There are 2 protein chains.
Amino acid sequence: MSQPFLISFKPEISLQESSEENQLVIQSPERKLTFKKIHPNLKNAISSLAEGNSTLSQLLDILQQGEEKYPILKFYTYLQKFSHLGWLCHSVVESQQPMAMAIPMGGNFQFSYQEITPELPYSLSRFAYSHQVGGKMVLESPLSQTKILLLSWKSSALINLLAKPQTWGEIVQQIPAIAPETVQQFLSLLLTTKMVSEVLPEGKIQEETNMNLMQWEFHDLLFHTRSRQGRHDAPYGGTYRFLGKIDPLPGVKPPMSEEVIKLEQPDISNLATTDVPFTQVLERRKSLREYGETPINKQQLGEFLYRTGRIKKTRQTERGELSERVYPSGGGIYELELYPLVHLCEGISAGLYHYCPQKHQLCRLSGATATVTTLLNHARITMGNASNPPQVLIILAARFQRLAWKYQSIAYGLLLKHVGVFYQTMYLVATAMDLAPCALGAGDSDLFTQALGLDYYTETSVGEFGLGSKK
Amino acid sequence: MSQPFLISFKPEISLQESSEENQLVIQSPERKLTFKKIHPNLKNAISSLAEGNSTLSQLLDILQQGEEKYPILKFYTYLQKFSHLGWLCHSVVESQQPMAMAIPMGGNFQFSYQEITPELPYSLSRFAYSHQVGGKMVLESPLSQTKILLLSWKSSALINLLAKPQTWGEIVQQIPAIAPETVQQFLSLLLTTKMVSEVLPEGKIQEETNMNLMQWEFHDLLFHTRSRQGRHDAPYGGTYRFLGKIDPLPGVKPPMSEEVIKLEQPDISNLATTDVPFTQVLERRKSLREYGETPINKQQLGEFLYRTGRIKKTRQTERGELSERVYPSGGGIYELELYPLVHLCEGISAGLYHYCPQKHQLCRLSGATATVTTLLNHARITMGNASNPPQVLIILAARFQRLAWKYQSIAYGLLLKHVGVFYQTMYLVATAMDLAPCALGAGDSDLFTQALGLDYYTETSVGEFGLGSKK
């Protein structure tokens, strides 16, 4: 079976020739390969890969031209090397127009060509998704190391049909505008890159019978593969891609209202010598969902917020304002904001507040409105349908752009780790203070932004924590 | 401007008539509306909504039939109520065949019809994505409260063209098989549901000029909107959807090798009274990326793992084995596994190990192979290109299906919070033990599974933590 695809180098790969020494250099962003005294047929074949207008058999023809033929097996070794480096793209062409191009993401990759069987039905993986990237439609999947540019409406039309099991013949009948052999090539490209699978006799595809894959939801696996390294080619880590284009957000959020409640400060240096032994706190920590009759009071809430969330120091850098706080946070950026929703707290009236970690004070944002009451009731239900809502619900919101301004690919993943770090910090401080702590696993971010009239994309809730006096 | 769409109730809404009292009940999974002594024209219009074969103007015609007409304004009030409840779908039909149907997800929703201007270019949001759900192609976007079923290949073909800015006229020329007025209707549906936007004179769409949206990556915003409540209609929380279908994984992972290293246990009850005060540990915590000349030793590593990761108790339940450990974890499920990658540790040879939290022992999995060395070097680079890699790199992997077996929509979000919770636990224990801790923000999950020969979808790395003796 010969591969019907056009084979080409990735667009970011360039060739440099020097005719004197008959030398050819293939350069990718990561590495280069140098061919000295290159055989003219090999040079022509490699040039053809750069132009991207030949199939495998046409490349082999080039090697066989003239008197001095180039050994095909040796060429295969090079081709395998290029493939392993993730340099080779495979394209389907229709009426002289490119229809789809498969581009490997990252190296350590093998394009193991699989051809469809015309009589068998195939269907699209539920993990495959197409979206617009830089003005082009792209098909990707967390199961695949390859992305496919869908360069014609015909590609998307064919993929639409594959949402249900279809044989090649069935597809050809539904969209007569595409040549049957092109459909076959395109389907084989989708099969090779794990976008579609053969439908098994019981009517399912392999991923539907795999008990591990069955338990992955689409958004979870997509996010995992994109926020960790290994199978994508996107920039990763602290890339500062908006530096000089967008100003970073200030390190400390400006006061959100003029109705300010100053909070008392505990004596940290005293606590540092007199506090409960660390191991006792860690070992005693427990989620408590029942509260005492005498609610938590203002002094306790103040101490709790000071010991968990206050800013110890800020510093201006060329890349924005950073701070030091009690809990760790990637790059000293600290994107999390604390919104205590007070249900019962002696000395503080019910309502929604924002905690200023620098001035150690609360800004009152609203009373116990209908939305605020709904948020509180959601929390009660999330805490295993507890008999009472938490006396204070600490809502964690994120000024997301603080993180995304620096970090790429990992920003939201980091954010959720920060939420966890802060959960444990609150658990331990509450335990040391003999309060009742409970982290929540879910919450409504749209409702939270509605309650405060915030913009969902600028700052919204990412975590919730119940607090109160111990029963 | 009249809306050209067919209007219908969502498929999960049913009508019950009782002819005696001339009563009609509209029932959704969440609530029902009862109409008593209903006007026959209103009943016909509502039945027509259930059948889904009328446009707005056809519905108004139904209200005007016969002698006793039904007031249009009153009908509009009901229509608004249905819309607000998220009950109304809007469909585009082509040659008697449904081409696309917009279905609201959740309530508190308004379908504010916007019509395209034929002369202006439009283009697809980079947040919109289409994928297969239950055998149908669906277009969704974290910017939209509506999902669109793409019921014909023509819909996907049109969306493909919109990856680049296009006017209605340009689109019509490229796919002549679709009637121009249908294209116009479909584009208006995409505009109304925020899937496409008008291209501004500078060549960008609104989301490309919005500094907040610009900083959201596709996978981050998709994941945020799907793992938090507010703008999707998927089941959420502890749904146990695989109960009775797939067995839950055991609570404790069976030994991974026969080469076992027993670890010493610290005296926890002694530490509970003699340990450093909690506040001192919390306030002193700091990321340290430089290590002492005398490396960490086996006794310290054993104490560290015991104090952070050991199992205190397990219990069998009808819904699988749960455990109690030092750090909190949703539902007592504990999906995280610890893999110490030892670079320098007195008493333990270099290599990759698995920690058994029940038997408090290490299973040796491999020596310092090339892949293991690459993992270690990645960690060094991630720690701000430190001069030395960590003496011990604690790799956190997740047995993902432990969580996903119980939790829906939130499983991976919970997992990352657990990683954060465990990071802070390790930070504090390391500080109390006078060791050098540093959490890492990134890692290669594919490389990790390669190093161990694990299945990527069953168990892979989700966090990394550097540890060593203090300088």
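None of the values given here were measured: they were computed from a predicted structure. Reminder, nothing fancy here: chain letters follow the sequence lines and each chain counts from 1.
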Is it the side chain or the backbone of B:Leu403 that comes within 4.5 Å of chain A heavy atoms, both, or neither? neither

So for B:Val133, is it side chain, backbone, both, or neither that comes closer than 4.5 Å to the heavy atoms of chain A? neither

Minimum-distance pair of heavy atoms, taken over all atoms of B:Leu124 and A:Gln132: O-NE2, 2.6 Å

Is the number of heavy atoms from other residues, nucleotides or ligands under 6.0 Å of A:Lys312 NZ greater than 12? yes

Quick one: pull up CE in A:Met214 and CH2 in B:Trp405 and give me the separation to the nearest 0.5 Å. 13.0 Å

Hey, which of B:Gly238, B:Gly135, B:Ala404 has the most heavy atom pairs under 4.5 Å with chain A? B:Gly135

Verify the ring-centre separation between A:His418 and B:Tyr423: is it less than 6.0 angstrom? no

How long is the span from the CD atom in B:Glu217 to the OH atom in A:Tyr407, to the nearest 0.5 Å? 14.0 Å

With only heavy atoms counted, which part of A:Ala128 is less than 4.5 Å from chain B, the side chain, the backbone, both or neither? backbone

If one checks every heavy atom of B:Ser287 against chain A at 4.5 Å, the contacting part turns out to be neither

Side chain / backbone / both / neither for A:Thr431 at chain B, heavy atoms under 4.5 Å: neither

Mind checking whether B:His219 and A:Phe223 have parallel, tilted or perpendicular rings, split at 30° and 60°? tilted

Verify the ring-centre separation between A:Phe218 and B:Tyr129: is it less than 6.0 angstrom? yes

N-O pairing of A:Lys417 and B:Glu464 below 4.0 Å: no

Region of B:Leu415 in contact with chain A, defined by heavy-atom distances below 4.5 Å: neither

Chain B contact via A:Arg310 - which portion, at a heavy-atom distance below 4.5 Å: side chain

Between A:Ile268 and chain B, which part of the residue has a heavy atom less than 4.5 Å away: side chain, backbone, both or neither? both

Contact part of A:Phe127 toward chain B, heavy-atom cut-off under 4.5 Å: side chain, backbone, both or neither? neither

Most heavy-atom pairs under 4.5 Å with chain B, out of A:Arg126, A:His131, A:Gln215, belong to A:Gln215

In terms of heavy-atom pairs under 4.5 Å, which option from B:Gly384, B:Gly331, B:Ala234, B:Ser409 contacts chain A the most? B:Ser409

Identify the two heavy atoms, one from A:Tyr236 and one from B:Ala442, that lie closest to each other, and give their separation to 0.1 Å. CE2-CB, 3.1 Å

If one checks every heavy atom of B:Tyr457 against chain A at 4.5 Å, the contacting part turns out to be both

Using 0.5 Å steps for rounding, measure from the CG atom of B:Leu416 to the CG atom of A:Leu416. 5.5 Å

Flag the one option from A:Gly106, A:Pro328, A:Ala439 with the top tally of heavy-atom pairs under 4.5 Å to chain B. A:Pro328

Atom of A:Pro277, atom of B:Leu271 and distance for their closest heavy-atom approach: CB-O, 4.0 Å

For the pair B:Arg307 and A:Glu283, find out whether any cationic side-chain nitrogen is under 4.0 Å from an anionic carboxylate oxygen. no

So what's closer than 4.5 Å to chain A heavy atoms on B:Leu221: side chain, backbone, both or neither? side chain

In terms of heavy-atom pairs under 4.5 Å with chain B, which of A:Leu440, A:Leu213, A:Asn210 leads? A:Leu213

By a 4.5 Å heavy-atom criterion (distance strictly below it), what part of B:Lys164 contacts chain A: side chain, backbone, both, or neither? both

If one checks every heavy atom of B:Lys286 against chain A at 4.5 Å, the contacting part turns out to be neither

Stepwise side chain to side chain contact (heavy atoms under 4.5 Å, CB included) test for A:Val421 and B:Val421: CA-CA 5 Å; A:Val421 160; B:Val421 160; over 6 Å; no

Which is it for B:Trp153 and A:Ile175 under the side chain to side chain contact (heavy atoms under 4.5 Å, CB included) test, yes or no, and what are the steps along the way? CA-CA 8 Å; B:Trp153 62 262; A:Ile175 316 183; 3.8 Å; yes

Verdict with reasoning, B:Arg228 to A:Ser461, per side chain to side chain contact (heavy atoms under 4.5 Å, CB included): CA-CA 9 Å; B:Arg228 298 279 302 169; A:Ser461 57; 3.0 Å; yes

For A:Leu282, is it the side chain, the backbone, both, or neither that has a heavy atom closer than 4.5 Å to a heavy atom of chain B? both

Under 4.5 Å from any heavy atom of chain B, what part of A:Val429 do you find: side chain, backbone, both or neither? both

Counting only non-hydrogen atoms closer than 4.5 Å, does A:Ser152 touch chain B with its backbone (N, CA, C, O), its side chain (CB onward), both, or neither? backbone

Looking at A:Tyr456, I'd like to know if the NZ or CZ of B:Arg231 sits under 6.0 Å from its six-membered ring centre while staying within 45 degrees of the ring's axis. yes

Top contributor to chain B interface from A:Ser125, A:Ser123, A:Ser130 [non-hydrogen pairs under 4.5 Å]: A:Ser130

Between B:Tyr327 and A:Arg285, is there a cation-pi geometry (under 6.0 Å to ring centre, at most 45° from the normal)? no

Please identify, among B:Leu447, B:Thr425, B:Asp455, B:Leu414, the residue contributing the most non-hydrogen atom pairs under 4.5 Å to chain A. B:Thr425

Need one label for A:Pro142: side chain, backbone, both or neither, based on atoms under 4.5 Å from any heavy atom in chain B. backbone

Within the 6.0 Å centroid threshold, strictly below: B:Phe400 and A:Trp216: yes

Check each atom of A:Leu162 against the heavy atoms of chain B and say whether the ones under 4.5 Å are side chain, backbone, both or neither. neither

In terms of heavy-atom pairs under 4.5 Å with chain B, the winner among A:Gln280, A:Arg325, A:His224 is A:His224

Spacing of CG belonging to A:Asn160 relative to CG belonging to B:Leu150, to within rounding of 0.5 Å: 6.0 Å

Winner by heavy-atom pair count (cut-off under 4.5 Å) against chain B, out of A:Gln408, A:Gln401, A:Lys154, A:Arg226: A:Gln401

Go through B:Thr449, B:Val276, B:Ile410, B:Leu249 and name the one with the most non-hydrogen pairs under 4.5 angstrom from chain A. B:Val276

Cut-off 4.5 Å, heavy atoms of chain B, and the answer for A:Leu139 is neither

